[in-house]
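The block underneath contains the structure these notes are about, expressed in structure tokens.
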There are 2 protein chains.
Amino acid sequence: MLSIGKLSGATGVKVPTIRYYEQIGLLPRAGRSTGNQRLYDRPAVERLAFIRHARELGFSLEDIRELLALADDPEKPCAAADLIAGRQLAAVNARLRRLEALRDELQRMLAQCTSGRIADCRVIEVLGNHALCAHDHAEAAGA
Amino acid sequence: MLSIGKLSGATGVKVPTIRYYEQIGLLPRAGRSTGNQRLYDRPAVERLAFIRHARELGFSLEDIRELLALADDPEKPCAAADLIAGRQLAAVNARLRRLEALRDELQRMLAQCTSGRIADCRVIEVLGNHALCAHDHAEAAGA
DNA sequence: CCCATATCTATAGTCGATACAGGTTTAGAC
DNA sequence: GTCTAAACCTGTATCGACTATAGATATGGG
Ligand SMILES: [Zn+2]
Ligand SMILES: [Zn+2]
Ligand SMILES: [Zn+2]
Ligand SMILES: [Zn+2]
């Protein structure tokens with residue numbers, strides 16, 4: 001049985017994050033030592049490693065919740081899991097296209113700036129006037 | 001002079017967002033009508049359009065705060081602005097490389113799945129075992 | 001036994017908004 | 001002039017996925 005610190009070391013997930021995952025019900029409530037400290041067994045390590053890997057691949061915690069539920073049911077068809085991964089791939093592709101447009105605009109404005117006074121700065125000028133852009137790059141940038 | 005609703009319509013920035021920008025000091029406190037409603041002039045429209053465009057290009061509000069301060073000082077050298085844009089370009093490039101790796105992994109796992117039972121699902125299998133991945137794709141996925 | 005480290009809980013903060021509640025002002029129709 | 005619906009006001013709470021802090025308790029090595 002591992003302490004939360006050892007589990008953290010074994011998976012690369014920070015201690016407060018593990019507690020957070022338990023709090024939101026992504027990890028089951030851990031067993032406790034006589035002194036009330038969390039103890040983890042091997043399946044817990046695998047479950048957390050699964051979560052970490054899915055996070056690295058960009059899945060949301062809600063998606064991961066569903067994927068974990070599916071993983072616990074080996075006889076079911078995997079169409080639901082493939083659907084979630086397909087959605088994720090589509091989201092990644094959308095973000096890629098958007099970021100490529102942003103990269104092009106940023107490169108363009110930097111290349112056109114002669115690095116003189118602010119009054120002549122192409123960066124400031126383009127930011128103030130989207131008509132100077134080559135792409136549309138609409139929508140919020142967060143994604 | 002425009003009401004906040006007209007300003008919103010003119011710039012595409014939602015009304016609560018405009019109030020939020022004022023609250024955090026990104027927009028100066030707007031003048032008020034006799035009935036205490038915000039009123040905006042033409043420079044306010046331009047300032048908000050600048051903010052919106054910079055957000056679309058992925059700049060953080062803190063970066064935008066600096067860029068606005070620079071834009072207000074036309075005689076200064078523009079190196080600081082170019083530096084911020086360069087940082088943003090580097091961040092976008094980093095996110096692009098990362099997303100490309102994610103896209104490859106997601107495509108691979110989906111292509112290898114025969115869509116049978118969960119027990120044989122390649123998606124679930126790869127998520128549980130990073131050794132099956134071709135790339136490293138480390139770091140958090142948020143960015 | 002002592003002490004440094006690890007762990008515990010609960011709460012607040014991050015970013016960039018968005019949503020809601022409950023009240024006031026305004027603009028247009030009559 | 002009056003009515004009503006829309007827009008506006010403030011303040012607070014919420015989202016996702018953590019991260020940080022404070023103050024208390026437990027554990028493990030010397
Ligand atoms: Zn410049
Ligand atoms: Zn543009
Ligand atoms: Zn599958
Ligand atoms: Zn992997």
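Any value given below was found using the heavy atoms of this structure, including those in side chains, with hydrogens, waters and symmetry copies removed. In the text below, chain A, chain B and the rest are named by the order of the sequence lines, each starting its count at 1. Since we're looking at a predicted model, the values are computed, not measured.
Looking at A/Glu100 and A/Arg103, no side-chain N of the basic residue comes within less than 4.0 Å of a carboxylate O on the acidic one, giving no salt bridge. Comment: B/Glu62 engages B/Arg65 in a salt bridge, judged by a side-chain N to carboxylate O separation of less than 4.0 angstrom. A salt bridge links A/Glu56 with A/Arg52; the closest basic N to acidic carboxylate O contact falls under 4.0 Å.
The two atoms that bring A/Leu70 and B/Ile118 nearest to each other are O-CG2, 3.4 Å, heavy atoms only. Residue B/Gln88 comes nearest to A/Leu106 through the heavy atom pair CG-CD1, 3.7 Å, listed as atom of the first residue, atom of the second, then distance.
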For this session: Summarise how protein sits on nucleotides 6-17 of chain D as a single string, 5' to 3': B when a protein heavy atom is under 4.0 Å from the base, S for sugar-phosphate-only contact, - for no contact.
Result: --SSB------B

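Distance A/Glu56 CD to D/dC18 P: 11 Å, rounded to the nearest Å. Nucleotide C/dG13 holds its P atom 16 Å from the CD1 atom of B/Ile24, rounded to whole Å. Atoms CZ (A/Arg52) and P (D/dC18) sit 11 Å apart, rounded to a whole Å.
When atom types are taken as modelled, the side chain of A/Arg117 and the backbone of A/Cys121 share no donor-acceptor pair closer than 3.5 angstrom.
For the pair B/Lys14 and C/dA17, the criterion of a side-chain N or O lying under 4.0 Å from OP1 or OP2 is not met. Contact annotation: A/Ser33 does not reach the phosphate of D/dA26 (side-chain N/O to OP1 or OP2, under 4.0 Å). Taking 4.0 angstrom as the limit, A/Thr34 places none of its side-chain polar atoms (N or O) nearer than this to OP1 or OP2 of D/dA26.
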